[in-house]
Asks: 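Sharing a structure here in structure tokens format.
Heavy-atom basis, side chains included; hydrogens, waters and symmetry copies ignored.
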Amino acid sequence: MHETMDMADDPEYDEEEPSFSDSEDFVDDIEEDELLSDLMREKPLEADGIDSVVVVDNVPQVGPERLEKLKNVVNKIFSKFGKITNEFWPMDNGMTKGYIFLEYLDPTQAQEAVKNADGYKLDKQHTFRVNVFTDFDKYMNISDEWETPEKQDFKDFGNMRHWTEDQDCRDHFSVIYESGERTAIYANDAKESITVEERARWTETYVRWSPKGTYLATFHQRGIALWGGEKFKQIQRFSHQGVSLIDFSPCERYVVTFSPLMDTKEDPQAIIIWDILTGQKKRGFHCESSAHWPIFKWSHDGKFFARMTQDTLSIYEAPSMGLLDKKSLKIFGIKDFSWSPGDNVIAYWVPEDKDIPARVTLSQMPTREEIRVRNLFNVVDCKLHWQRNGDYLCVKVDRTPKGTPGVVTNFEIFRMREKQVPVDVVEMKEGIIAFAWEPNGSKFAVLHGESPRINSSFYHVKNNGKIDLIKSFDKQQANSIFWSPQGQFLVLAGLRSMNGALAFVDTSDCTVMNIAEHYMASDVEWDPTGRYVVTSVSWWSHKVDNAYWLWTFQGRLLQKNNKDRFCQLLWRPRPATLLGVEETKVIKKDLKKYSKIFEQKDRLSQSKASKELVDKRRGMMDEYRLYREAAVQTLLDQKDLRLELRGGVDTDELDSNVEDWEEETIEFFINEEIIPLGDL
């Protein structure tokens, strides 16, 4: 303390404080971002959140008494696209002004609302127009001067249906082998298939053809890709992480993908419907389980698709992807439904409920008119089977009649092309193993009974209101029925556990053309023309004997193709014929005239094949002669060297140097025993 001096007594102390002000000529050249970078990063921007706001125009103008109801309707529509965090309803003299502002959680949800709700028809007088809020600046700043749009390059993928123009009518098929490492496309030929395209790791799981054969879909962890054209170029790709299942619309305009990894409450992405041409996402849906794929079933023309949930059947229309008439059908207890393959008619069935019988209902879309209702009693289960043209519907009904033990099966046959849709009944006393309609006819086949006494029966639905039993075969080794796509012919197959027993049947006279076996066969695939059928043993189901065999429709084996760890074979579908009914009849009438041309072409093909084989053998013989002449010349050139190495002895000939040979005689003692014949 003694050494401490009072600052006031210190002669060095100056009472004037230093100045911290900038000089007059000082220039501040430090930016705020540099000085306070962390703080400035959090500075709110004027446009923050605007990208998440949408403006909805053409909203009904209502008073306070109807405002709450309108808000509920609007929220129900727009909450499908994401979580709405804020909304503003401008008012004027107690009435809404006809437009509103909705704010979403993020800009992607706002864009989804614009894409799907713009043009949404609320009622006859109100159709929503939806825009992102930032679009107004864009529209306000449009130049009055015309600017020529930038020319987009045309992507030429080649002829997307080139394989249908093959002069020899060779159908394509895809093959996956080496446990999925390799995928190949082949053109079918009775003698030897021709490789069209082959790639390594083309897909990560399996492949699918589109319904008309235009696209080949491959699966990848990040999504799917579509390929087509003569060189199988990539046409489109769709990003859907973890995609495992897909389904095409019959018109090939849309593709539906499913992934168990992507679903969230705010943004449904388990199931996504995509536009194939543009690659755009049309709509996403929630999905709890994919056990019954496809979740959405399409109408025959691709204009509608439907989904069943508990007590509800939801029918959507394309391309808006919105609910038909903005509401679902409430059907309590609905168990299953199916679209007609030929008309916009939907069939569904409902089980019994106390005193109310089970029923099958046929409804016309989009009017929802019920064109037929069939009541059923003592029902355990039903299955819906449409004939491919939609001419008939078979409802397989399992019943437990009162006083009768066990289950009895009836086939309820709906004649869709007749007035008031009459129904015929076929009663089966035995359990049903398989049922299948003839694709282009009025016959159906049934496998019934229990192993080892399995019977196959063939029925014909006649125009006079009767259903005739054509023929029955007993003791069949079969658990599956595979009709030719053109009808008349079928294969009764005993797959997997039945060791691949095959019976080729002609149903025109119900004769068995051939009985064969492909041991442990797991799959049977008809080609689109009905001329060939393939049986295969997939590595996915059986780890040995993996191969596919090609047969004629009569059951004559043409090829055995063994592929290392063969997995899958799929025929490429053909688009519908451009010929009308009358033109087809004319061709069938003149078939004998065409058959002569085809037979001549077949003979020419065989002679051509023989000529090619002879030419190939001649070429191989010429190669051998050249090789032999070169080898003989080499032998002659090396003769002096051989003589030098062998001391002048020529060993090239067997009889050379005879004078140097030494003759040696070797004698062998032979013991001879004579046995008189009389002693024997």
Asks: Near K231 NZ, under 6.0 Å, is it more than 12 heavy atoms from other residues, nucleotides or ligands?
Replies: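 12 or below, so no.
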Asks: Using 30° and 60° as the class boundaries, would you call the ring planes of W437 and F435 parallel, tilted or perpendicular?
Replies: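 If you compare the ring of W437 with that of F435, the planes turn out perpendicular.
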Asks: After noting the C-alpha distance and the side-chain angles of R417 and D343, does the key distance pass the salt bridge (charged side-chain N to carboxylate O under 4.0 Å, His left out) rule?
Replies: CA-CA 11 Å; R417 304 303 178 200; D343 306 279; 2.7 Å; yes
Asks: Let me confirm one number: the CE-CG distance from M308 to L313, rounded to the nearest 0.5 Å.
Replies: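 That separation rounds to 8.5 Å.
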Asks: So W293 and V256, do their side chains get closer than 4.5 Å, heavy atoms only?
Replies: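 V256 reaches W293 side chain to side chain.
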Asks: Using 0.5 Å steps for rounding, measure from the CG atom of D171 to the CH2 atom of W526.
Replies: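 Nearest 0.5 Å value for the CG-CH2 distance: 13.0 Å.
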Asks: Apply ring-ring contact (aromatic ring centres under 6.0 Å, His included) to the pair F238 and W274, showing each step before the final yes or no.
Replies: CA-CA 8 Å; F238 306 96; W274 307 87; 5.4 Å; yes
Asks: Determine whether R368 and D325 satisfy the following criterion, salt bridge (charged side-chain N to carboxylate O under 4.0 Å, His left out), listing intermediate values before the conclusion.
Replies: CA-CA 10 Å; R368 306 193 185 198; D325 297 333; 3.7 Å; yes
Asks: Does D311 form a salt bridge (charged side-chain N to carboxylate O under 4.0 Å, His left out) with K330? I'd like the steps, not just the answer.
Replies: CA-CA 6 Å; D311 300 331; K330 288 294 180 183; over 6 Å; no
Asks: Can you tell me how far apart CG (D135) and CD1 (I50) are? Round to the nearest 0.5 Å.
Replies: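 Atom-to-atom, D135:CG and I50:CD1 are 12.0 Å apart.
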Asks: Are more than 12 heavy atoms from other residues, nucleotides or ligands located less than 6.0 Å from atom CZ of R237?
Replies: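 At most 12 heavy atoms, drawn from other residues, nucleotides or ligands, come within 6.0 Å of this atom.
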Asks: F219 pairs by ring-ring contact (aromatic ring centres under 6.0 Å, His included) with which of F258, W202, Y206?
Replies: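 With F219 as partner, ring-ring contact (aromatic ring centres under 6.0 Å, His included) holds for just one option, Y206.
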Asks: Just to verify, which of H162, R572, R574, E197 counts as forming a side chain to side chain donor-acceptor pair (under 3.5 Å) with H172?
Replies: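 The single option meeting the side chain to side chain donor-acceptor pair (under 3.5 Å) with H172 is R572.
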Asks: Checking ring-ring contact (aromatic ring centres under 6.0 Å, His included) for the pair F296/F285: CA distance, chi angles, key distance, verdict?
Replies: CA-CA 10 Å; F296 290 102; F285 293 89; 4.7 Å; yes
Asks: Are K297 and F337 in a cation-pi setup, meaning NZ or CZ lies under 6.0 angstrom from the ring centre and within 45 degrees of the ring axis?
Replies: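 Yes, a cation-pi geometry holds between K297 and F337.
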Asks: May I ask you to check whether W571 and F173 place their ring centres under 6.0 Å from each other?
Replies: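 Aromatic pair counts; centres sit under 6.0 Å.
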Asks: With no hydrogens and no angle check, just 3.5 Å: does a side-chain donor-acceptor pair link T214 and E252?
Replies: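 Looking only at side-chain atoms, E252 and T214 do form a donor-acceptor pair, the distance falling under 3.5 Å.
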Asks: Testing L570, I235, I185 one by one against L216 for a side chain to side chain contact (heavy atoms under 4.5 Å, CB included), which residue passes?
Replies: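 Running side chain to side chain contact (heavy atoms under 4.5 Å, CB included) over L570, I235, I185 with L216 returns exactly one hit, I185.
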Asks: Go through it in stages, so that I can follow the logic: the residues are F78 and F128, the test is ring-ring contact (aromatic ring centres under 6.0 Å, His included), and I'd like the CA-CA distance, side-chain angles, deciding distance and then a yes or no.
Replies: CA-CA 11 Å; F78 284 89; F128 290 155; 5.8 Å; yes
Asks: Taking atom OG of S249 and atom CZ of F304, what is their separation to the nearest 0.5 Å?
Replies: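 Here the interatomic distance stands at 13.5 Å.
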Asks: Determine, for D92 against K97, whether the closest basic-nitrogen to carboxylate-oxygen distance falls under 4.0 angstrom.
Replies: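 Judged by the 4.0 Å cut-off on N to carboxylate O distance, D92 and K97 do not form a salt bridge.
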Asks: Determine, stepwise, if the pair Y392 / M416 fulfils side-chain contact (heavy atoms from CB on, under 4.5 Å).
Replies: CA-CA 5 Å; Y392 305 99; M416 299 300 298; 5.7 Å; no
Asks: Before accepting this row, confirm whether a basic side-chain N of the pair D381/K383 lies closer than 4.0 Å to the acidic partner's carboxylate O.
Replies: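 Yes.
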Asks: Does a salt bridge link E317 with K303, judged by any charged N lying under 4.0 Å from a carboxylate O?
Replies: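 Salt bridge absent between E317 and K303.
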Asks: Are there more than 12 heavy atoms of other residues, nucleotides or ligands under 6.0 Å from atom CZ of R201?
Replies: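 Not buried by this count: 12 neighbours or fewer within 6.0 Å.
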Asks: Relative to the ring of W298, is the ring of Y254 parallel (under 30°), tilted (30 to 60°) or perpendicular (over 60°)?
Replies: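 Correct class here is parallel.
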Asks: Give the intermediate values and the outcome of side chain to side chain donor-acceptor pair (under 3.5 Å) for residues W163 and E165.
Replies: CA-CA 5 Å; W163 84 100; E165 299 176 358; over 6 Å; no
Asks: Tell me, with the steps shown, if C382 and L376 meet side-chain contact (heavy atoms from CB on, under 4.5 Å).
Replies: CA-CA 10 Å; C382 286; L376 305 168; 4.1 Å; yes
Asks: Please determine, by modelled atom types, if T218 and H220 share a side-chain donor-acceptor pair under 3.5 angstrom.
Replies: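 There is such a pair between these side chains.
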Asks: Between R283 and N116, is there a side-chain donor-acceptor contact under 3.5 Å, judged purely by atom types and distance?
Replies: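 No.
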